[in-house]
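Written below as structure tokens is the structure these notes are about.
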Amino acid sequence: PRRALARAHHLMEGEEYLQASAIFDRLANGANMRGIINRAPFLYFQAGRAHILLGNILSGKDRIYKGFNLLAENKRWMVLHRGGKRIIDEFEKLGYHDLAGEFNQWLEKSLPENIGELEKISKYELINKPKLPEKCHYCGGTVSPAEVDWLDDVTVTCSYCGSALHTVKD
């Protein structure tokens with residue numbers, strides 16, 4: 001799976017969305033079936049992104065909502081909030097304003113009311129964390145400090161493949 005994941009990330013960078021979407025779909029469904037709830041949402045996000053960039057809006061939305069729902073079911077509110085906002089921002093920049101608005105409405109309806117207060121606290125915590133690599137050394141996935149699981153003060157797990165990643169020196 002790790003090689004397939006690295007290939008899918010590489011295909012996305014090369015704008016080969018059709019092949020990437022097939023790989024991300026397979027990996028997301030496999031992770032979901034196996035109960036790998038820390039990885040499946042992010043794989044669904046990437047599959048959805050690939051489908052949308054191909055012009056398959058309905059297929060893409062379906063996958064992104066699968067990822068959102070998995071995070072909500074497991075009460076991973078901060079990850080859902082941050083990941084959702086990142087997705088919304090990306091689709092706004094790409095010109096998919098209606099889609100970004102739809103995702104934003106879903107998040108506002110689904111997130112707990114105190115998410116803003118929690119966000120302030122966790123942003124402070126993130127400021128004090130060391131710098132992470134931009135990409136996972138194992139699968140090539142983008143490392144977002146706001147969405148990873150911290151194992152200790154200097155180690156996180158990749159949201160896509162679960163590999164331990166260490167902080168980098170400036």
Item to check | Test ring-ring contact (aromatic ring centres under 6.0 Å, His included) applied to His51 and Tyr44, step by step | outcome: CA-CA 10 Å; His51 279 275; Tyr44 278 123; over 10 Å; no
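- Nearest heavy atoms, His9 versus Cys139: CD2-O, 3.1 Å.
- Rounding to the nearest 0.5 Å gives a distance of 10.0 Å between CZ of Arg63 and CD1 of Ile52.
- Cluster annotation: Phe91 and Ile57 are assigned to the same hydrophobic cluster (Ile/Leu/Val/Met/Phe/Trp/Tyr, side-chain heavy-atom contacts under 4.5 Å, transitive).
- Atoms CG and CZ, from Asn32 and Arg39 in turn, are 13.5 Å apart once rounded to the nearest 0.5 Å.
- Rounded to the nearest 0.5 angstrom, Lys135 NZ and Tyr160 OH are separated by 8.5 Å.
- Contact of the Leu94 side chain with the Leu53 side chain is registered, since non-hydrogen atoms from C-beta on lie closer than 4.5 Å.
- A donor-acceptor contact closer than 3.5 angstrom links the side chains of Arg2 and Ser163.
- Asp149 and Arg76 are joined by a salt bridge, as a carboxylate oxygen and a charged side-chain nitrogen come within less than 4.0 angstrom of each other.
- Leu111 and Trp106 fall within a single hydrophobic cluster, where Ile, Leu, Val, Met, Phe, Trp and Tyr are joined by side-chain heavy atoms under 4.5 Å apart, directly or via other members.
- Both Tyr138 and Leu132 are assigned to one and the same hydrophobic cluster, defined by single-linkage of ILVMFWY side chains at heavy-atom distances under 4.5 Å.
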Item to check | side chain to side chain contact (heavy atoms under 4.5 Å, CB included) between Thr167 and Lys131, intermediate numbers included | outcome: CA-CA 5 Å; Thr167 57; Lys131 185 178 178 187; 5.9 Å; no
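- You'll find the side chain of Asn69 stays beyond 4.5 Å of the side chain of Lys66, heavy atoms only.
- A heavy-atom distance below 4.5 Å is not found between the side chains of Glu102 and Ile64.
- Using a 4.5 Å cut-off on side-chain heavy atoms (C-beta onward), Leu18 and Leu54 make contact.
- Within the 4.5 Å cutoff, no side-chain heavy atoms of Val148 are placed close to those of Phe42.
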Checklist entry - When you look at Ser159 and Ser144, which way does the side chain to side chain contact (heavy atoms under 4.5 Å, CB included) test go after all the steps? => result CA-CA 8 Å; Ser159 298; Ser144 174; over 6 Å; no
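- Of all heavy-atom pairs between Cys161 and Leu5, the closest is CB-CD2, 3.6 Å.
- Smallest separation of non-hydrogen atoms from Phe68 and Gly84: CE2-CA, 3.8 Å.
- In this structure, Leu165 and His137 have side chains that are in contact, with non-hydrogen atoms separated by less than 4.5 Å.
- Separating the CD atom in Glu134 from the OG1 atom in Thr142 is a distance of 8.5 Å, to the nearest 0.5 Å.
- The residues Glu92 and Lys85 are annotated as not salt-bridged, no charged nitrogen and carboxylate oxygen being separated by less than 4.0 angstrom.
- Of all non-hydrogen atoms in Trp77 and Ser110, the two that sit nearest each other are CZ3-O, 3.6 Å.
- We find the CE-CZ distance between Met12 and Arg7 to be 13.5 Å, quoted to the nearest 0.5 Å.
- In this structure, Glu108 places its CD atom where more than 12 heavy-atom neighbours from other residues, nucleotides or ligands lie under 6.0 Å away.
- A donor-acceptor pair shorter than 3.5 Å cannot be found between the side chains of Asp62 and Ser59.
- Here the side chains of Asn29 and Leu43 are not in contact, with every heavy-atom distance at 4.5 Å or above.
- In this structure, Cys136 and Val143 approach most closely via the heavy-atom pair N-CG2, 3.6 Å.
- Leu151 places none of its side-chain heavy atoms less than 4.5 Å from the side chain of Val156.
- The only option from Tyr96, Phe45, Tyr65 that meets the ring pair (Phe, Tyr, Trp, His ring centres under 6.0 Å) definition with Phe103 turns out to be Tyr65.
- The nearest pair of heavy atoms linking Ala164 to Thr155 is CB-CG2, 4.0 Å.
- A distance of 6.5 Å separates CG of Leu107 from CG of Asn104, quoted to the nearest 0.5 Å.
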